[in-house]
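Being a predicted model, the structure only gives us computed values, none of them experimental.
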Amino acid sequence: YSEQQESPHVQLLLYESKLRAAIDQGRLELVYQPQFDPRTRNIVAAEALLRWDDSEFGAVTPYKAIAVAESAGLVNEVTWWVLNNAMRQGAAFRAQGLDIGVSVNLSPNNLREPDLPDFIDRGLRTWDLPADRLIIEITETAVLGAPELVAETLQRLKRIGVRLSIDDFGTGYSSMSYLATMPLDEMKIDLSFVRDMLDVPQHERIVRSMIELAHSLGIAVVAEGVEQEAVAERLAVLGCDRIQGYYVSLPLTAADLVA
């Protein structure tokens, strides 16, 4: 035993080594959390979520996996894997009669990668997936640091036909300016406003204002973190386009989602 084994740096190196092996050996997985349209009562999209189950560390959270990937310089490899498998599965869903959108979260570093739009374009053509069935989710912080480069990447993705979504809306500092300048198709309202909107009147007013603002700009709205039927019904009354959360479903394997 050595005290060095408890060092955060040693732990990080162990995680990095295991992540490299997981990528090489195909031990990463994707699960899909459905998005529900309360008006048509249909599942219309699903968010692809990364799962990494390690024999030693157990289930590694997506946030931890991405942090390890970034520290190890593997973030592009992980992103390419997630994107390629999400597009492949989106095409498989369509072949099985489930014509839904598939959304993928990208990190700020991904959006600064000049090859990203070309990679996505090739993947769409390889798997024969319509571009508008792929939804790229970005956060407001993704634009900070290199706004011109990110804006150019988003415009290229838009020209391909990919749908663009801003995730965790309302938690940043420049939401209004991003809505006005980025070529967005949808807004995801952060769960911190949604979960307790029936108990905190200010949060319901914020949610209502976000929905009205988005619709005035031609942007669809997805509410995250919906866990109660009453919240889902209230969101439907407010005109929310889609809801996502445990009330609809836990994240599912592709097979379970089709079933």
Exercise. Over all heavy atoms of both residues, which pair between Trp52 and Arg27 is shortest? Give the atoms and the distance, please.
Key: CD1-O, 4.5 Å
Quiz item: Where the side chain of Ser17 meets the backbone of Leu13, is there a donor-acceptor pair that is under 3.5 Å apart?
Solution: no
Exercise. Report the distance from atom CD1 of Ile66 to atom CG of Leu74, rounding to the nearest 0.5 Å.
Key: 10.5 Å
Quiz item: Rounded to the nearest 0.5 Å, how far does CG of Leu116 lie from CH2 of Trp80?
Solution: 5.0 Å
Quiz item: Between Asn109 and Ser107, does any side-chain donor sit less than 3.5 Å from a side-chain acceptor?
Solution: no
Quiz item: Once you round to the nearest 0.5 Å, how far does CE of Met187 lie from SG of Cys240?
Solution: 10.0 Å
Quiz item: Where is the tightest heavy-atom contact between Asn105 and Ala48, given as atom of each residue plus distance?
Solution: ND2-O, 4.3 Å
Quiz item: Is Gln89 close to Val102 at the side-chain level, that is, under 4.5 Å between some pair of heavy atoms?
Solution: no
Quiz item: Other than Leu49, what residues sit in its cluster of Ile, Leu, Val, Met, Phe, Trp and Tyr side chains whose heavy atoms are under 4.5 Å apart, directly or through others?
Solution: Val31
Quiz item: Is there a side-chain contact between Met197 and Ile206 (heavy atoms, below 4.5 Å)?
Solution: no
Quiz item: Under a 4.0 Å N-O cut-off, is there an ion pair linking Arg125 with Asp121?
Solution: yes
Practice problem: Write down the atom of Leu149, the atom of Arg112, and the distance for their closest heavy-atom approach. | Solution: CD2-O, 3.6 Å
Quiz item: Distance from Asp196 atom CG to Leu191 atom CG, nearest 0.5 Å?
Solution: 10.0 Å
Quiz item: Are any of the side-chain heavy atoms of Met182 and Leu164 separated by less than 4.5 Å?
Solution: no
Exercise. Check Pro34 against Leu250 and note the closest heavy-atom contact, atom names and distance.
Key: CD-O, 4.0 Å
Quiz item: Have Asn85 and Glu29 got a donor and an acceptor in their side chains that come within less than 3.5 Å?
Solution: no
Quiz item: Under 3.5 Å, side chain of Asn42 to main-chain N/O of Val44, donor-acceptor pair present?
Solution: no
Quiz item: Between Pro117 and Thr153, which heavy-atom pair has the shortest distance, and what is it?
Solution: CG-CG2, 4.0 Å
Quiz item: Do the side chains of Leu28 and Val82 get nearer than 4.5 Å, heavy atoms only?
Solution: no
Quiz item: Does the side chain of Asp99 reach to within under 4.5 Å of the side chain of Arg133, using non-hydrogen atoms?
Solution: yes
Self-check item: Minimal non-hydrogen separation, Ile43 against Ile100, with atom names
Solution: O-CG2, 3.5 Å
Quiz item: Is the shortest heavy-atom distance from the side chain of Val231 to the side chain of Tyr247 under 4.5 Å?
Solution: no
Quiz item: Does the side chain of Asp132 reach to within under 4.5 Å of the side chain of Val162, using non-hydrogen atoms?
Solution: no
Self-check item: Neighbour count >12 (heavy atoms, 6.0 Å) for atom CG, Asp24
Solution: yes
Quiz prompt | Donor-acceptor pair, side chain of Ser71 and main chain of Val68, under 3.5 angstrom | solution = yes
Quiz item: Would you call Arg39 and Asp241 a salt bridge, using N to O less than 4.0 angstrom?
Solution: yes
Quiz prompt | Gln244 and Gln35 side chains, donor-acceptor separation under 3.5 Å | solution = yes
List the atom pairs, with distances to 0.1 Å, where a side-chain N or O of residues 252-259 and a protein N or O form a donor-acceptor pair under 3.5 Å, not counting sequence neighbours.
{"residue": "Thr253", "atom": "OG1", "partner": "Asp256", "partner atom": "N", "Å": "3.2"}
{"residue": "Thr253", "atom": "OG1", "partner": "Asp256", "partner atom": "OD2", "Å": "3.2"}

Quiz item: Does a side chain donor of either Thr79 or Asn76 reach within less than 3.5 Å of an acceptor in the other side chain?
Solution: no
Quiz item: Hey, what do you get for CG (Asn84) to CH2 (Trp127), rounding to the nearest 0.5 Å?
Solution: 6.0 Å
Practice problem: Find out if a path of hydrophobic residues (ILVMFWY) with successive side-chain heavy-atom gaps under 4.5 Å connects Leu30 to Leu19. | Solution: yes
Under 3.5 Å, which donor-acceptor pairs do the side chains of residues 218-228 form with other protein atoms, sequence neighbours left out?
{"residue": "Glu224", "atom": "OE2", "partner": "Lys188", "partner atom": "NZ", "Å": "3.4"}
{"residue": "Glu227", "atom": "OE2", "partner": "Arg195", "partner atom": "NE", "Å": "3.4"}
{"residue": "Glu227", "atom": "OE2", "partner": "Arg195", "partner atom": "NH2", "Å": "3.4"}

Quiz prompt | Pair Glu16 + Arg20, salt bridge at N-O below 4.0 Å | solution = no
Quiz item: Should Pro108 and Leu111 count as side-chain neighbours, where that means a heavy-atom distance under 4.5 Å?
Solution: no
Quiz item: If you round to the nearest 0.5 Å, how far is OG of Ser216 from CD1 of Ile211?
Solution: 12.0 Å
